[in-house]
Amino acid sequence: QVQLVESGGGLVQAGGSLRLSCVVSGTIFSINAMAWYRQAPGEPRELVATITRGGNTNYANSVKGRFTVSRDNAKNTVYLQMNSLKPEDTAVYYCNTLPNSGWGQGTQVTVSS
């Protein structure tokens with residue numbers, strides 16, 4: 001059973017940065033494509049970024065140029081570096097495999113104006 005543990009969220013001022021981490025267990029991490037999602041209150045969960053097992057990345061238009069997804073296969077970990085944060089980035093952030101496994105608890109990111 002796949003387990004996903006996200007961390008690194010917090011409260012930051014607009015323009016600041018955060019680095020999220022997601023440790024994955026219960027699967028052969030290196031063969032999985034991975035994704036970061038976020039869900040703001042009252043909104044559907046949205047796809048933020050993806051990274052293939054080979055390191056190819058894609059981003060939602062809303063975060064392109066500000067967020068960077070990366071992975072460390074030796075540590076079974078995927079990261080999301082978030083720079084130039086905006087209040088509209090406030091959400092609970094989740095990682096998942098592609099295709100999706102069960103969801104972790106997520107990590108709260110709050111950006112104050």
Side-chain angles (χ1 to χ4, degrees):
Q1 185 174 354
V2 178
Q3 291 189 321
L4 306 154
V5 180
E6 301 94 342
S7 63
L11 173 63
V12 64
Q13 289 189 329
S17 298
L18 285 172
R19 187 194 195 204
L20 307 184
S21 299
C22 171
V23 179
V24 184
S25 61
T27 184
I28 304 173
F29 177 78
S30 61
I31 69 172
N32 286 118
M34 296 295 300
W36 282 97
Y37 299 80
R38 66 186 181 187
Q39 187 168 23
E43 298 291 330
R45 192 169 291 168
E46 69 167 324
L47 180 63
V48 172
T50 63
I51 183 166
T52 67
R53 61 181 181 178
N56 293 319
T57 58
N58 273 293
Y59 300 92
N61 287 335
S62 57
V63 307
K64 202 171 292 185
R66 300 188 297 122
F67 290 11
T68 303
V69 59
S70 61
R71 64 191 297 159
D72 185 337
N73 289 340
K75 296 182 178 180
N76 285 7
T77 301
V78 61
Y79 303 98
L80 187 67
Q81 177 68 44
M82 306 186 297
N83 299 329
S84 302
L85 282 161
K86 304 175 181 180
E88 51 263 43
D89 294 319
T90 295
V92 179
Y93 284 72
Y94 302 87
C95 70
N96 213 323
T97 57
L98 290 174
N100 289 163
S101 306
W103 294 95
Q105 83 288 349
T107 187
Q108 175 70 49
V109 171
T110 303
V111 184
S112 64
S113 57

Looking at [Y], is its backbone amide N or carbonyl O close enough to the side chain of [X] to form a donor-acceptor pair, meaning the two atoms are under 3.5 Å apart?
X      : Y      : result
Thr77  : Lys75  : yes
Arg71  : Thr52  : yes
Thr110 : Leu11  : no
Asn76  : Val23  : no
Trp36  : Tyr79  : yes
Gln13  : Ser113 : no

Next item on the list: Tell me yes or no: between the side chains of Thr27 and Asn32, is some donor less than 3.5 Å from an acceptor?
Entry: yes

Next item on the list: Could you tell me whether the side chains of Tyr93 and Arg38 share a donor-acceptor contact shorter than 3.5 Å?
Entry: yes

Step through the shown structure and confirm whether more than 12 heavy atoms of other residues, nucleotides or ligands are within 6.0 Å of [atom1] on [X].
X     : atom1 : value
Glu46 : CD    : yes
Arg66 : CZ    : yes
Ile28 : CD1   : no

Of all the heavy-atom pairs spanning [X] and [Y], show the shortest one and how long it is.
X     : Y      : result
Ala60 : Leu47  : CB-O, 3.6 Å
Ser84 : Ser17  : N-OG, 4.3 Å
Val24 : Val2   : CG1-CG1, 4.2 Å
Val78 : Ser70  : CG2-O, 3.2 Å
Leu4  : Gln105 : O-OE1, 3.9 Å
Val48 : Val63  : O-CG2, 3.7 Å

Does [X] share a hydrophobic cluster with [Y], counting links as ILVMFWY side-chain heavy atoms below 4.5 Å and allowing steps through other members?
X      : Y     : answer
Met34  : Tyr59 : yes
Val111 : Phe67 : yes
Val69  : Leu85 : yes

What distance do [X] atom [atom1] and [Y] atom [atom2] have between them, rounded to the nearest 0.5 Å?
X      : Y     : atom1 : atom2 : value
Asn83  : Arg19 : CG    : CZ    : 11.5 Å
Gln108 : Gln39 : CD    : CD    : 11.0 Å
Ile51  : Thr57 : CD1   : OG1   : 6.5 Å

Next item on the list: Check Asp89, Val109, Val12 against Met82 for a side chain to side chain contact (heavy atoms under 4.5 Å, CB included) and give me the one that passes.
Entry: Val109

Item checked: Sub-4.5 Å side-chain heavy-atom contact between Asn96 and Ser101 -> yes

Next item on the list: Kindly indicate, with the supporting measurements, whether the criterion side chain to side chain donor-acceptor pair (under 3.5 Å) is fulfilled by Asn100 and Tyr37.
Entry: CA-CA 11 Å; Asn100 289 163; Tyr37 299 80; 3.0 Å; yes

